[in-house]
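Reviewing the structure listed below.
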2 protein chains.
Amino acid sequence: MTLLRRSLSMGEGPGSAGHVLSLLRAGPLTRSELAELTGQARSTVVQRLESLQAAGLVREASNLTTTGGRPSVAFEFDPTQHAILSADLGIRRATFAVTTLAGEVLSQLEEPIDIAAGPGPVLGLVAERLRWLGDVAGMDPIAVGIGLPGSVDRSGLPVAPPNMPGWDGTDVRAVLSEASGLPAFAANDANVLALGERAAAWPDVDNLMYVHVGTGIGAGIVADGRLLHGAEGAAGDLGHIFAPGARGRACRCGNVGCLDTYASGAGVLETLRLAGSPLTSLDEVLERVAAGDADVAGVLRDAGRVLGDVVASCVALLNPRVVVVGGRLGMAGEALVAGVREAVYARVLPLASRELRVTAARSGSSGGVIGAALLAADAALSGDLLESRLRAA
Amino acid sequence: MTLLRRSLSMGEGPGSAGHVLSLLRAGPLTRSELAELTGQARSTVVQRLESLQAAGLVREASNLTTTGGRPSVAFEFDPTQHAILSADLGIRRATFAVTTLAGEVLSQLEEPIDIAAGPGPVLGLVAERLRWLGDVAGMDPIAVGIGLPGSVDRSGLPVAPPNMPGWDGTDVRAVLSEASGLPAFAANDANVLALGERAAAWPDVDNLMYVHVGTGIGAGIVADGRLLHGAEGAAGDLGHIFAPGARGRACRCGNVGCLDTYASGAGVLETLRLAGSPLTSLDEVLERVAAGDADVAGVLRDAGRVLGDVVASCVALLNPRVVVVGGRLGMAGEALVAGVREAVYARVLPLASRELRVTAARSGSSGGVIGAALLAADAALSGDLLESRLRAA
């Protein structure tokens, strides 16, 4: 009963403005359809629509629907009157964007950062850049979304993230909310990338696994239409799974043979170093691959195979329709993803593989900010936040 | 829109009898609370309650609730007036039961079967035994639920199940429905076991992985409160994941090193055979373990370690709170589960392991029939099936 009451008091009950808006976000509907779907009187629906229109969240749809009789006006979600400020932090670079409420990027900015500088300087920079982007866009921002390169618990706190020294337990949401005056939401970067890639490239796919291969490796999982969190919010932590092909390399986590030690950006650089290569940065690796260096491409393909063995286990467990390989290495030509594909199709049983696609990410550098924006928009357009916005309008 | 319309026409819309019943299945509520939660007029709620009471699905709760003023009558779900007929098929044995609508077993029957005899004889036996159990219980059965030892797609059809020769594409639901005159529902056995174990032992846990170790190995996953299906309904197919410790044994799937070849009942028998042991059946293995045979227990513990390496990967991916090891080998004393625990805690990162429990199944031989009954009850107590039941009452 407590849970039910809370959900009601948060303005998500049947026939609330939040309920009407969530129905319209799935597609245009007429007043009668809304009355039927919410189980409310038409007058109640009209009231809800008026307050959503006054708040700039709903508009009349351009196409009239006819159902045999005279045409009736349909209403639709209007994502263009307000903006979301969105950031996607990697270990060494960040993307900042201002988007519509539907996650469409209006303006985007990328620059190097050093996540190890700690939350003070990094979040100061984030707040500064987002303020600037919001000013440029000239739209009213209603929330902030951010993706972080490490484990984030269900309340949005980073938890002992090995890639983010000094960030353990930092209340990222509170810091950004204070700096921006807006509600803020945080999630693991692989999770926001999974949401962004799905929205941008696979809107009809309900089972998608996004594997992020940057300096480290992580995954975001959409299972049966929803982002998978797990008990501690740690679902998708692939980097320290034992990889049979990782040659037993020692990992900074204290174990040996972790996937990260071989198939991540850091792992690829280590493989190159052991082979006597002079390359010491991912930028150099990507340049050589782009220039057609077959040896470096071979190292990436091998890393892809080792990753693919682990992904094959994940496919057996999750039965996704699409595996997307992204991140700086994932998007570096076809070498890595071809290795993943090879290993996956070599292992997976017919039922799980017959409709499976293994493909490189398509949302490019915008995937993370799109996903973080959608995360923030979902939260800001439901419950108490929506109610207080409507009261203010 | 199509989806929304369908859900409405299936009697699941806000304020429908299905909605009221789903709220009451979570706990007792008064008329006013139901009116608030459904957004309906009190008179509508009263109507719904009357029709649910007439159908024997709702009763007045024995405790009155007081909220400061005079006490008001609360209503609760009544699971005792109707029954579910439930079957859990393994490869070599089956459990049949009649349960309440809450999955409480009223009467249960176990016997050997041979799944390879094919759907005709096996489903004939199932229908016969369920009819008998229904007669004995003397309650009105409203649905049939069945768990099958192989992959089952989203519509309940077995799909090329290697353990079930001759069953590919058999419409199990249609056959049982015709034989019983009741709606029937089917799922993979590991999935129904996960539901049963959660209901019986871990009702408050939203992230649970159930690993079934019988002749073969499979898993059922409850993630963020819901059973995970995957794109083809094949989520949890653990048996053919590559297991580093499986010594590269050849598997009947055509690959080498599959988990099944080493850690399943069949794998354990093969290990014993290679070591010159005279044991040739799981019954003998279990007898020897029960008699304190340290060599056989050592083989089980080793199988548990090999399984645990794979489970560790699953834990990293899914971040469950509880891993339950069940099936005939899983419940054979602590040897196997101790091996699993050892390997899991050796690999998993702190965030995913700090609250993790790895434990033997507690629901015993009833887990499968409880889960299959809950699956069938959920389906029979919502949508069109509920509506037609209420019209008939």
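Nothing here was measured: the structure is a model prediction, and the numbers come from that model. Lettering of chains follows the sequences in order, A, B, ..., and the numbering in each one begins at 1.
Applying the 6.0 Å contact sphere to CZ of A:R357 captures no more than 12 heavy atoms from other residues, nucleotides or ligands.
Within the 4.5 Å cutoff, the side chain of A:N255 has no heavy atoms near those of the B:L349 side chain. The closest side-chain heavy-atom distance from A:L318 to B:L318 is below 4.5 Å.
Smallest separation of non-hydrogen atoms from A:D224 and B:G230: OD1-N, 3.1 Å. A pairwise comparison of heavy atoms in B:L228 and A:A223 identifies CD1-CB, 3.4 Å as the closest pair. Annotation for B:P244 and A:P244: closest pair CG-CG, 4.5 Å, computed over non-hydrogen atoms. The shortest non-hydrogen separation linking A:A316 to B:I241 is CB-CG1, 3.6 Å. The two residues A:R347 and B:C258 come nearest to each other via the heavy atoms NH2-SG, 3.2 Å.
Rounding to the nearest 0.5 Å places CG of A:L238 at 9.0 Å from OG of B:S313. Residue A:D206 holds its CG atom at 12.0 Å from NE2 of B:H229, rounded to the nearest 0.5 Å. Atom CG of residue A:N319 and atom CG of residue B:D237 lie 8.0 Å apart, to the nearest 0.5 angstrom.
A salt bridge links A:E232 with B:R321; the closest basic N to acidic carboxylate O contact falls under 4.0 Å.
For a residue to count as touching a neighbouring chain, one of its non-hydrogen atoms must lie under 4.5 Å from one of that chain's; by this rule A:L227 touches chain B with the backbone only. Interface remark: B:A41 contributes no atoms to any contact with chain A (heavy atom separation under 4.5 Å). Proximity to chain A (any heavy atom under 4.5 Å) is restricted, for B:C253, to the side chain, taken from C-beta onward. Interface remark: B:I221 contributes side-chain atoms only to the contact with chain A (heavy atom separation under 4.5 Å).
Heavy-atom pairs under 4.5 Å with chain B peak, among A:C314, A:S151, A:P320, at A:C314. Interface summary for chain A: among B:R354, B:M209, B:R226, the most heavy-atom pairs under 4.5 angstrom belong to B:R226.
Between the side chain of B:Q40 and the main chain of A:G39, a donor-acceptor pair closer than 3.5 Å is present.
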